[in-house]
Amino acid sequence: MNWQMETKPRAKISVDLKKCCACRSCELACSFHHHKRFDPSCSSIRVHREDGKGTLEISLISTCDGCSGEKLPWCVRFCSSGCLRVASG
């Protein structure tokens with residue numbers, strides 16, 4: 001038997017850290033879209049801010065499917081600062 005897993009292209013999300021206010025609305029939108037609850041721990045996007053060090057990091061983990069079937073990924077759609085967008089190309 002020849003098994004092939006169908007893979008669908010996912011949206012590529014770009015981040016502009018200079019615009020990010022670390023509100024974490026992207027995490028809440030993602031968790032609600034996929035799990036129907038507002039729980040950042042089950043989100044596919046993670047915002048990590050360390051005020052003492054002045055660092056900010058946003059990462060997408062492997063469970064991100066780019067909100068397949070949606071016009072826009074929910075993290076982009078509900079990003080209040082506009083730091084997330086769908087990358088072209």
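No continuous path of hydrophobic side-chain contacts links L72 to W74 [ILVMFWY only; heavy atoms under 4.5 Å]. Hydrophobic clustering of Ile, Leu, Val, Met, Phe, Trp and Tyr side chains at less than 4.5 Å, counting indirect connections, unites V86 with L60.
D65 is listed as a side-chain neighbour of H34, based on a closest heavy-atom distance under 4.5 Å. Residues C42 and S31 are in side-chain contact: their nearest non-hydrogen atoms beyond the backbone lie under 4.5 Å apart. Annotation: side chain of C20 is not in contact with side chain of V15 (no heavy-atom distance under 4.5 Å).
Under the 3.5 Å distance criterion, the side-chain polar atoms of S81 are matched with a main-chain donor or acceptor of K19. Panel note: side chain S43, backbone C30; no donor-acceptor pair is recorded below 3.5 Å.
Here the CZ-NE2 distance, from R24 to H48, works out to 10.0 Å after rounding to the nearest 0.5 Å. Between L84 atom CG and R77 atom CZ the span is 14.5 Å, to the nearest 0.5 Å.
Classification of the F32-F38 ring pair by plane angle, with boundaries at 30° and 60°, yields parallel.
Across all non-hydrogen atoms, the minimal contact from E27 to V47 is OE2-N, 2.8 Å. The nearest pair of heavy atoms linking R46 to P40 is NE-O, 3.9 Å. Minimum heavy-atom separation, C21 to S80: SG-OG, 4.4 Å.
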| request: Determine, stepwise, if the pair I45 / I13 fulfils side chain to side chain contact (heavy atoms under 4.5 Å, CB included). | output: CA-CA 10 Å; I45 188 167; I13 299 166; 5.6 Å; no
| task | Go through the steps for C26 and I58 under the test side chain to side chain contact (heavy atoms under 4.5 Å, CB included), then give the verdict. | result | CA-CA 10 Å; C26 56; I58 298 176; 5.5 Å; no
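By the neighbour-count criterion of 12 heavy atoms within 6.0 Å, atom NZ of K18 is sparsely surrounded, having that number or fewer from other residues, nucleotides or ligands.
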